[in-house]
2 protein chains.
Amino acid sequence: MSWTGTGHERRGYHHGNLREALIEAALALIAELGPSGFTVAEAARRAGVSPAAPYRHFRDAEALLAEIALRGFERFTTALARSWQDGKPDPLRAFENLGRAYLAFARDEPALYAAMFETRIDFANYPSLQVASDRAFAILREASERLAATLPPAKRPPALMIALHVWAMAHGIASLFGRGDAGRQLPMSPEELLEAGILLYLQSLGLAGGQGPQK
Amino acid sequence: MSWTGTGHERRGYHHGNLREALIEAALALIAELGPSGFTVAEAARRAGVSPAAPYRHFRDAEALLAEIALRGFERFTTALARSWQDGKPDPLRAFENLGRAYLAFARDEPALYAAMFETRIDFANYPSLQVASDRAFAILREASERLAATLPPAKRPPALMIALHVWAMAHGIASLFGRGDAGRQLPMSPEELLEAGILLYLQSLGLAGGQGPQK
DNA sequence: GAAATAATGTAAAAAACCTTCACATGAGTT
DNA sequence: AACTCATGTGAAGGTTTTTTACATTATTTC
């Protein structure tokens, strides 16, 4: 038993909670070394089991990553929904909060975010991932709908487009500048950058800044 | 010599152009299987040499990827500069062309784009990569400067901010929706999405749409 | 409660990969 | 022609992935 890890104690022949222990170990590995630093063998080592044990719980390495990404999307959805607060105190403020929550999630849970977006998992092989990802996007879309609905129908821009633009900018900022040490330094924080970008964008749609839409 | 590849012919004991052949093989692998599908052994196999041969040209697998990313940034810079056309016919049109060129590069050279942005190479270990990346961003920044300069100084927004916002949105769209099959389907093409996003954003700065800045 | 069954972990092994090292070969130089 | 350097080979050690046969424990059923 030379692989017996120094980490969490082992109750006996059976681990008792190996599935969770593997997920935690994988998360720690990703956080430390990036998505490519994770290996099934190392996760097993940290959980104190043999290299074959993980295969009782996950079909292969990708399945473990997919499970992590799935939980990531679920927590992401929760975090976004909480920050949106059903549009309170007002849709614009709530929308800004949504943006901050997006970046906060990417910063505070880099391993989850990496598993969700920096890992090349084919969603077709994991339908639940597609569902979970759609649910997260649905928050953003709902927020965009509510924001757009503050305008009279004639001047109302398509909410889906707004949601896509905001998602792209948020993901772009998180991905390019999200980690403090990521090579590039900014004249402002990622949060400030995103907030400014969203406000400018919404302004031209007449959804921020107090004046009507451009035309 | 069981590893003699079926690909490009071999002139003798010495390959003659192994370095380039390895880079090509790695690019093909990344294009086919994603960044994680590349292995030194397979690249060597395709080049028709032994698995140890690549180490005469690259310190390790990451160094090969870094070289690919470096070339990617150089070609990226060239493509962006060409599309920008020194601001012709006018800064706004040229700016839109820049956005299209960004997405075209991500679509047409997915392997390069992946090596540049989806691979977690530490720029600190490859200073030339940092330089090349900065050069690419400099095009975007210069374009932003020129665009901002179309406004009187008092109303001129910070060009760096514009460049960061546009880069983030372009990268976000490329990364989330750039590949046709990438799970999510859009109501419009990535190019149209980006163009609309940029125009709306610039509108509120008074840089597009024909009217002055808001507020 | 004992026996059958299911779940979970181990050991061993094959295949692939990464990388290094000593050595071989060929190219270019003097 | 001899020397030197660059480039490629063969072999080897170490790691990882995943499968298979087997061992152990938990759970269910009678």
Side-chain angles (χ1 to χ4, degrees), chain A residues 1-5 7-26 28-30 32-68 119-122 125, chain B residues 1-26 28-30 32-68 119-121 125:
Chain A
M1 280 205 216
S2 61
W3 61 75
T4 296
H8 310 282
E9 68 281 19
R10 186 72 181 281
R11 280 199 272 287
Y13 187 96
H14 284 101
H15 183 287
N17 205 16
L18 183 52
R19 190 181 170 87
E20 293 304 316
L22 288 171
I23 289 174
E24 273 183 41
L29 279 170
I30 296 172
E32 289 169 25
L33 311 165
S36 61
F38 149 76
T39 68
V40 174
E42 180 63 23
R45 201 170 298 127
R46 293 195 178 196
V49 296
S50 79
Y55 293 87
R56 293 293 177 193
H57 299 274
F58 302 98
R59 195 164 44 70
D60 55 23
E62 193 183 68
L64 208 174
L65 279 186
E67 172 68 24
I68 290 178
T119 224
R120 280 211 154 295
I121 299 175
D122 189 355
N125 297 338
Chain B
M1 281 206 214
S2 62
W3 58 75
T4 296
T6 59
H8 310 281
E9 69 281 17
R10 186 73 179 281
R11 281 200 272 285
Y13 187 97
H14 285 101
H15 183 287
N17 205 16
L18 183 52
R19 191 182 169 87
E20 292 305 316
L22 289 171
I23 289 174
E24 274 183 40
L29 280 171
I30 296 172
E32 290 169 25
L33 311 165
S36 61
F38 150 75
T39 68
V40 174
E42 180 62 24
R45 201 170 298 127
R46 294 193 179 197
V49 297
S50 80
Y55 294 88
R56 293 293 178 195
H57 299 274
F58 302 97
R59 195 164 44 70
D60 54 23
E62 193 183 67
L64 208 174
L65 279 186
E67 172 69 24
I68 290 178
T119 226
R120 280 212 153 296
I121 299 176
N125 296 338

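A quick note: this is a predicted structure, and the numbers were derived from the prediction, not measured.
Rounded to the nearest 0.5 Å, atoms NE2 (A/His57) and CG (A/Leu22) are 6.5 Å apart. The CD1 atom of B/Ile30 lies 6.5 Å from the OG1 atom of B/Thr119; values are rounded to the nearest 0.5 Å. Here the CD1-CD distance, from A/Ile23 to A/Glu67, works out to 4.5 Å after rounding to the nearest 0.5 Å.
The NE2 atom of A/His15 sits 16 Å away from the C1' atom of D/dT24 (whole-angstrom rounding). The CG atom of B/Leu22 sits 16 Å away from the C1' atom of C/dC17 (whole-angstrom rounding). Following rounding to the nearest Å, B/Leu33 (CG) and C/dC17 (C1') show an atom-to-atom distance of 15 Å. Look at CZ on A/Phe58: it is 14 Å from C1' on C/dT8, rounded to the nearest Å. For B/Leu65 and C/dC18, the CG to P distance is 11 Å, given to the nearest whole Å. The OH-C1' distance, from A/Tyr55 to C/dA14, rounds to 14 Å in whole Å. The distance between atom CG of A/Asn17 and atom C1' of C/dA7, rounded to the nearest whole Å, is 14 Å. One can place CD of B/Glu20 at 13 Å from P of D/dT7, the figure rounded to the nearest angstrom.
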Revision key, fill the gap. Protein heavy-atom contacts under 4.0 Å, written 5' to 3' over nucleotides 21-27 of chain C as B (base), S (sugar-phosphate only) or - (none), form the string -BBBBS-
What pairs of nitrogen or oxygen atoms, one from the protein and one from nucleotides 14-16 of chain D, lie under 3.5 Å apart?
from: D/dT16; atom 1: OP2; to: A/Arg45; atom 2: NH2; distance (Å): 2.6

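No side-chain heavy atom of B/Phe58 sits less than 4.5 Å from a side-chain heavy atom of B/Val40. Taking the side chain as every heavy atom from C-beta outward, A/Ser36 and B/Arg120 never approach each other to under 4.5 Å. The side-chain heavy atoms of A/Phe38 and A/Leu64, taken from C-beta on, include a pair separated by under 4.5 Å. Counting only heavy atoms from C-beta outward, the side chains of B/Leu29 and B/Arg46 approach each other to under 4.5 Å.
Residues passing the salt bridge (charged side-chain N to carboxylate O under 4.0 Å, His left out) test with B/Glu62: none are found, sequence neighbours excluded.
Nearest heavy atom pair, residue A/Pro54 against residue A/Pro51, reads CD-O, 3.4 Å.
Of the two residues near DNA chain D, B/Leu18 and A/Glu62, the one whose nearest nucleotide lies more 5' is B/Leu18.
Between A/His57 and C/dG9, a side-chain N or O to OP1/OP2 separation shorter than 4.0 Å is present.
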